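As structure tokens, the structure follows; a few thoughts come after it.
Please read these numbers as outputs of a predicted model, since none were measured by experiment.
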Amino acid sequence: MQIDVLIETWSTILSDPADLYNTSRSVTEALKVLLLAAAIGLALAWKRLPVRVSSRLLIVLVVLTTLNYNRFGPRLLFDKVDTYDLYHYYLNAKYFDELGYYDLYPAAILADHQAGGPHFEEGSRYMAQDPSGHGIRPISHALARGRWVKQNQFTPERWEDFRYDALYLQREIRGFNDKIWRQMIQDHGYNGTPAWTTLARPVARVVPVESIKLLGFIDVALLLVAAGATHWAFGANAAGWLWIMLMTSYSTRWPTISWSYLRYDYLCALIVGMALVKKGRYLLGGVLTGYSASMRLFPAVWLYGPGMKGLFGLVKGTVHRQLLVLLGGFLLSVGTLQAVTLVGLGSEQVKVHFENMVDHNTADQLSSRRIGLALALPYVPGQSVPKYIEPARKKRVEEQKTLRYGLAAVLMLALGWGLRNARDEETYAFGFVPFFLLTTASYYYYVTRATLFIMHAADLSKLRNRVGLSWLLGLELLCFWSEVVYPGHRVFLIGNLAWGLTGYIVLMAVWFIAESLGSSSESAEAQATPQRAGARDADA
């Protein structure tokens with residue numbers, strides 16, 4: 001029956017291709033299933049095809065996936081913005097001195113009411129934030145808090161500026177409706193790191209709200225830089241596969257590229273950092289990794305692979321000095337950025353952000369948009385599940401902590417041991433593994449699988465890389481198949497995706513262990529050969 005749904009959708013689309021011009025997201029997501037299936041076929045057949053044929057087919061897929069991502073028209077790229085995201089990351093960054101991490105929603109709700117609102121049906125409650133954490137409170141609480149913020153945190157001039165920008169985003173730019181506005185004010189507020197805020201705040205202040213679309217092209221430029229760095233370090237084919245991933249990933253479904261700003265800066269830094277490691281420029285690679293970690297915190301774990309290689313090297317008496325340089329660049333970057341942040345924002349805001357993140361990642365705050373090993377273990381593949389994560393499942397996530405962290409430790413140690421003889425850029429790519437195993441991050445951060453795509457695509461002569469790339473593409477296909485045939489059933493989607501990623505990690509751990517054992521045997525054989533030859537010479 002699910003296949004019938006897809007076939008019917010494809011038949012409707014292809015019966016009149018002219019209807020694709022500026023089409024809807026649902027249509028392009030159905031087409032992504034076809035495009036990803038074609039990409040999997042190309043990846044698996046790569047070694048058997050003539051080089052000219054495979055490269056040209058790759059270019060065709062790059063073009064088709066780009067057109068499809070942009071919905072076969074100019075509106076997505078040049079006209080649309082994401083008011084939901086910009087309300088948080090433009091508005092709160094611009095007025096961070098007054099709003100801090102707690103007061104975006106109270107100030108926004110007050111501004112709306114003072115302008116004859118509520119403009120949208122807001123419901124009776126919102127998500128409040130204070131030093132005790134996140135909690136649902138009545139709208140009357142928001143209005144009272146908003147009046148306090150206006151009186152004590154804003155000057156009259158700054159309040160009028162904020163009020164204008166907030167109402168412009170809410171009412172003048174198409175994006176909000178009753179449902180989305182209610183959803184937003186019950187979200188978790190502004191979570192930009194202090195370092196990101198320090199960078200984004202002056203940018204937001206320079207660009208007026210009427211020209212806010214211009215900010216979206218920063219991310220477009222950054223992703224082009226990432227693709228260019230991949231081409232420079234890994235070759236044109238790897239850059240092509242990276243771009244296909246960006247254009248077909250479920251994680252780039254939102255924030256839509258060009259609709260917000262500085263939402264892919266950390267990803268660009270990771271990819272360029274990996275390229276620099278490949279080219280032997282470890283200090284700069286560490287600096288870029290440190291930038292990424294400062295902007296989003298979690299990219300610090302991209303040092304997991306190099307760290308494990310270095311650790312196992314020390315056990316054998318080998319010092320990988322280039323990895324120490326990588327670590328030194330990372331520490332230099334993080335230290336510098338944190339110092340600038342402390343001067344610009346003060347230690348209190350750093351403390352508040354840390355406390356917010358701790359509360360945000362507790363089991364009771366989990367949403368059905370999160371992914372991680374934690375969401376795999378309480379899910380049985382194929383079982384009938386509700387659309388959204390329910391309290392009982394959140395409870396099981398909490399109860400399974402010991403099991404989850406124990407399993408994560410085993411997998412990380414196993415893969416780390418397998419990576420001890422791998423190339424440095426390969427070890428770097430696997431920073432995604434602890435990210436998945438140890439955290440419950442929102443699905444859009446899973447675009448960081450890009451480093452794995454690059455690693456596999458860099459050498460498709462290896463069966464391991466053809467299978468690995470196909471597996472990752474298959475998980476993207478699974479996501480869009482799920483969206484088409486089971487729309488909105490997020491527990492089904494994230495549960496199966498989490499198990500698929502767990503399977504990928506197990507497969508890669510086994511494969512790299514086998515490769516490392518093979519390389520160790522070859523090394524021992526190479527060392528033994530001269531000794532045997534010397535013995536024969538002595539006998540003679």
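Ring centers of F72 and Y21: at least 6.0 Å apart, outside the cut-off. Aromatic ring centroids of Y446 and F435 lie under 6.0 Å apart. Separation of the Y90 and W259 ring centroids does not fall under the 6.0 Å cut-off. Aromatic pair F298/Y445: ring centres closer than 6.0 Å. Ring centers of Y444 and W254: under 6.0 Å apart, within the cut-off.
T252 has its side chain out of reach of M247: every pair of non-hydrogen atoms, C-beta onward, lies at least 4.5 Å apart. A heavy-atom distance below 4.5 Å is not found between the side chains of M274 and K278. Within the 4.5 Å cutoff, the side chain of Y250 has no heavy atoms near those of the V447 side chain. Within the 4.5 Å cutoff, side-chain heavy atoms of L20 are placed close to those of L31. With a 4.5 Å cut-off on side-chain heavy atoms, R370 and I494 do not count as touching. Side-chain atoms of T427 and W302, non-hydrogen and from C-beta on, never get closer than 4.5 Å to each other. For the pair Y266 and T448, the minimum side-chain heavy-atom distance is below 4.5 Å. You'll find the side chain of E425 stays beyond 4.5 Å of the side chain of K279, heavy atoms only.
Salt-bridge check for D79 with K213: failed, with every basic side-chain N at 4.0 Å or more from each acidic carboxylate O. Using a cutoff of 4.0 Å between basic side-chain nitrogens and carboxylate oxygens, R464 and E426 are scored as salt-bridged.
For F354, the CZ atom counts as loosely surrounded, since its 6.0 Å shell holds 12 or fewer non-hydrogen atoms of other residues, nucleotides or ligands. Residue K462 qualifies as enclosed at atom NZ: its count of foreign heavy atoms under 6.0 Å is above 12.
The two atoms that bring A195 and Q338 nearest to each other are CB-NE2, 4.3 Å, heavy atoms only. The two atoms that bring W417 and L517 nearest to each other are CH2-CD2, 3.6 Å, heavy atoms only. Here the closest heavy-atom approach between residue C268 and residue V225 is recorded as SG-CG1, 4.1 Å. Here the closest heavy-atom approach between residue M295 and residue T193 is recorded as O-OG1, 2.9 Å. For the pair L411 and Y304, the tightest heavy-atom approach, listed with the atom from each and the gap, is O-OH, 4.5 Å. Contact record, S333 with G290: OG-C, 3.5 Å, taken as the closest heavy-atom pair.
Defined by atom type and a distance below 3.5 Å, a donor-acceptor pair is missing between the side-chain atoms of T65 and K32. Judged purely by distance below 3.5 Å, without hydrogens or angles, the side chains of D187 and Y84 pair a donor atom with an acceptor atom. Under 3.5 Å, the side chains of D82 and Y87 contain no donor-acceptor pair of N or O atoms. Judged purely by distance below 3.5 Å, without hydrogens or angles, the side chains of S516 and R420 pair a donor atom with an acceptor atom. For the residue pair D424/Q322, the side-chain donor-acceptor check at 3.5 Å is satisfied. With hydrogens and angles left out, the side-chain atoms of Y190 and T197 include a donor and acceptor closer than 3.5 Å. Using a 3.5 Å distance cut-off with no hydrogens or angles, the side chains of E476 and S249 do pair a donor with an acceptor. In summary, the side chains of T66 and W243 do present a donor paired with an acceptor at a separation below 3.5 Å, with no hydrogens or angles considered.
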Q) Can you list the steps and then say if F312 with T318 is a side chain to side chain contact (heavy atoms under 4.5 Å, CB included)? A) CA-CA 8 Å; F312 283 113; T318 302; over 6 Å; no

Q: Mind running side chain to side chain contact (heavy atoms under 4.5 Å, CB included) on L246 and L267 for me, showing each step along the way?
A: CA-CA 11 Å; L246 293 173; L267 177 65; 4.1 Å; yes

Q: Test side chain to side chain contact (heavy atoms under 4.5 Å, CB included) on M412 and L437 and set out the steps.
A: CA-CA 9 Å; M412 288 171 62; L437 294 175; 3.6 Å; yes

(Q) Walk me through whether S251 and R449 qualify under side chain to side chain contact (heavy atoms under 4.5 Å, CB included). (A) CA-CA 9 Å; S251 299; R449 281 177 282 183; 3.6 Å; yes

Q.
If you apply the rule ring pair (Phe, Tyr, Trp, His ring centres under 6.0 Å), what do you find for F512 with F430, and how did you get there?
A. CA-CA 12 Å; F512 271 92; F430 278 98; 5.3 Å; yes

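Once rounded to the nearest 0.5 Å, the distance linking CZ of F432 with OH of Y504 reads 9.0 Å. The line from OH of Y443 to CD1 of I371 is 9.0 Å long, rounded to the nearest 0.5 Å. Here the straight-line distance linking atom OH of Y291 with atom CZ of R296 works out to 7.5 Å at 0.5 Å rounding. Atom CG of L283 sits about 12.5 Å away from atom CG of L324, to the nearest 0.5 Å. From L288, atom CG reaches atom CZ of R281 across 12.0 Å, with rounding to the nearest 0.5 Å. Separating the CD1 atom in I218 from the CG atom in L223 is a distance of 12.0 Å, to the nearest 0.5 Å.
A donor-acceptor pair under 3.5 Å is absent between the side-chain atoms of H320 and the main chain of G313, judged by distance alone. Between the side chain of S54 and the main chain of V51, a donor-acceptor pair closer than 3.5 Å is present. Between the side chain of D219 and the backbone N or O of L262, at least one donor-acceptor pair lies under 3.5 Å. Without hydrogens or angle criteria, N496 side chain to F492 main chain gives a donor-acceptor distance under 3.5 Å. Remark: the backbone N or O of P378 is paired with a side-chain donor or acceptor of R393 at under 3.5 angstrom. The closest donor-acceptor contact from the side chain of R466 to the backbone of L460 lies under 3.5 Å. Counting only distance, with no hydrogens or angles, the side chain of W241 and the backbone of A457 share no donor-acceptor pair below 3.5 Å. Side-chain N or O atoms of Y264 include one that pairs as donor or acceptor with a backbone N or O of P255 at under 3.5 Å. Side chain of R253 to main chain of R25: no donor-acceptor pair is present (N/O by atom type, distance under 3.5 Å, no hydrogens or angles).
With Y388 as the aromatic partner, R490 does not meet the cation-pi criteria of under 6.0 angstrom to the ring centre and within 45 degrees of the ring axis.
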